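Since the structure is predicted, the reported quantities are computational estimates derived from the model, not experimental observations. One-based numbering, in listed order, for ligands and for the atoms of each.
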Amino acid sequence: MLIRLAENSGFCYGVKRAINIAEREAEKRASGLVTIGPIIHNPQVVKRLHDLGVVEVDDVTDGEGKPSIVRSHGLSRKKIKYMNDNNIEVIDATCPYVEKLQMKASLLSNEGYHIIILGDNKHPEVVALTSYIDGDYQVVNSASEVASKYYKKLAVVSQTTQTLEKFRALVSKLLNISYELHIVNTICSATSVRQNGTRKLAKNSDIVIVIGGKMSSNTKMLATISSEYTTTYHIETYKELKNEWFLDVENVGITAGASTPDELIIEVYNKIININGDDETKRFVSEIAVFKEEQNEF
Ligand code: SF4
């Protein structure tokens, strides 16, 4: 059995940064601190941080005045204001790319553009983003959701984890309903390289195991992409693997979302090795063969 990992699997820059901030700040504060919502959409990492004193709360009002970490998705202006007004220390771990998206949307709105956001209107990144837009905006999940109305000044941005295909389709639709169209491709490259790596891997695998939180938007997107090409299972930990998935399978692909830590990838890899009756387990993700289509090498 050949087991290969998708290129660029696992933690992205913004997630790594947020976790480093949480760990560093937890060390400094014996009385603990809170995160507004899970710091990342990965229950295993959230639990590890909880053990270090970083407790997840649902809202800014629930932290009992403790220093509060704003996660990589960002937080709405109203909630930041609440914390400032109530002397709650804000530890900002908003991903710089998300911050750039917020600033760009805000600027374009102030310049009179009607803003179209490609994204999930319930996702925390989008909820926070819309708070930075003073004028009119619309959140759509696909081109078909755009209102058929003509706009003089239209601007389009995207939630960082959307696919380029969906963004392209949306832009193409918007060209027909606008005089001036300002396009800002805010899809994070960490997202697109993970999606491309997964697509290439899926095309060349009998099954693909996607590792990551069930609530993680970018991991769910990887599972959707992979399932277009091959049998795909989305799991959070190695405990969900089933022996029967690997019967008569030669090429196994593994990919992981931007919020999936290396430990979980290694555990899954080693479990598959065991299921296959091998004992050559690995200690580090860097030891796993990576699928690279262009060079046709593993
Ligand atoms: S996927 Fe991109 S935008 Fe989102 S946290 Fe990671 S680096 Fe930041």
Side-chain angles (χ1 to χ4, degrees), residues 5-25 35-46 49 54 56 69-76 80 90-107 117-133 139 141 156-167 183-199 210-226 234 255-262 264-265 285:
L5 187 65
E7 272 186 293
N8 302 299
S9 291
F11 274 175
C12 65
Y13 159 74
V15 164
K16 234 184 256 171
R17 179 175 172 273
I19 291 168
N20 287 343
I21 290 173
E23 287 172 345
R24 191 184 64 217
E25 297 298 324
T35 61
I36 317 301
I39 188 148
I40 59 170
H41 287 143
N42 186 286
Q44 291 71 33
V45 175
V46 169
L49 287 171
V54 183
E56 174 197 335
I69 301 176
V70 173
R71 56 191 170 165
S72 57
H73 299 314
L75 197 63
S76 75
I80 299 277
V90 179
I91 301 164
D92 191 1
T94 306
C95 174
Y97 299 125
V98 171
E99 208 176 316
K100 216 163 148 189
L101 162 61
Q102 293 169 345
M103 293 307 111
K104 195 71 194 172
S106 168
L107 197 77
I117 301 163
L118 175 65
D120 170 358
N121 63 6
K122 290 201 174 67
H123 190 280
E125 180 187 310
V126 176
V127 173
L129 169 63
T130 55
S131 77
Y132 287 84
I133 300 171
V139 181
N141 224 329
V156 57
V157 296
S158 174
Q159 182 182 341
T160 54
T161 46
Q162 291 290 317
T163 65
L164 200 54
E165 288 73 19
K166 273 173 85 177
F167 193 62
I183 305 160
V184 192
N185 178 1
T186 50
I187 297 172
C188 173
S189 64
T191 305
S192 48
V193 293
R194 275 159 187 73
Q195 290 171 354
N196 288 339
T198 296
R199 188 174 290 108
V210 181
I211 315 165
K214 296 275 164 70
M215 298 301 289
S216 158
S217 166
N218 76 82
T219 309
K220 283 194 282 185
M221 196 62 87
L222 295 184
T224 304
I225 290 170
S226 175
H234 178 179
T255 186
S259 48
T260 306
D262 282 4
L264 296 183
I265 300 174
V285 166

Numbered atoms and elements of ligand 1 in range of Tyr97, under 4.0 angstrom, heavy atoms: 3 (S), 7 (S), 8 (Fe)
Taking atom 7 (S) of ligand 1 as the reference point, the nearest protein heavy atom with its distance: Gly14 N, 3.4 Å
Donor + acceptor pair across side chains of Arg17, Asn20 (<3.5 Å): no
Close side-chain approach of Met221 and Thr161, heavy atoms under 4.5 Å: no
Metal proximity, Cys12 vs atom 2 (Fe) of ligand 1, N/O/S cut-off 2.8 Å: no
Taking atom 2 (Fe) of ligand 1 as the reference point, the nearest protein heavy atom with its distance: Cys188 SG, 2.3 Å
Atom indices of ligand 1, in the order listed, that fall short of 4.0 Å to a heavy atom of Thr191: 1 (S)
Nearest neighbour in protein (non-hydrogen) for atom 4 (Fe) of ligand 1: Thr160 OG1, 3.9 Å
Parallel, tilted or perpendicular, as decided by the 30° and 60° cut-offs, for the rings of His41 and His73: tilted
Side chain, backbone, both or neither: the part of Thr161 lying under 4.0 Å from ligand 1 by heavy atom: neither
Interfacing atoms of ligand 1 (cut-off 4.0 Å, heavy-atom, Cys95): 3 (S), 5 (S), 7 (S), 8 (Fe)
Side-chain (Ser158) to main-chain (Ile187) donor-acceptor, under 3.5 angstrom: no
No-hydrogen, no-angle side-chain donor-acceptor test under 3.5 Å, Thr255 and Thr198: yes
Sidechain-backbone polar pair: Ser226 side chain, Ala223 backbone, donor-acceptor under 3.5 Å: no
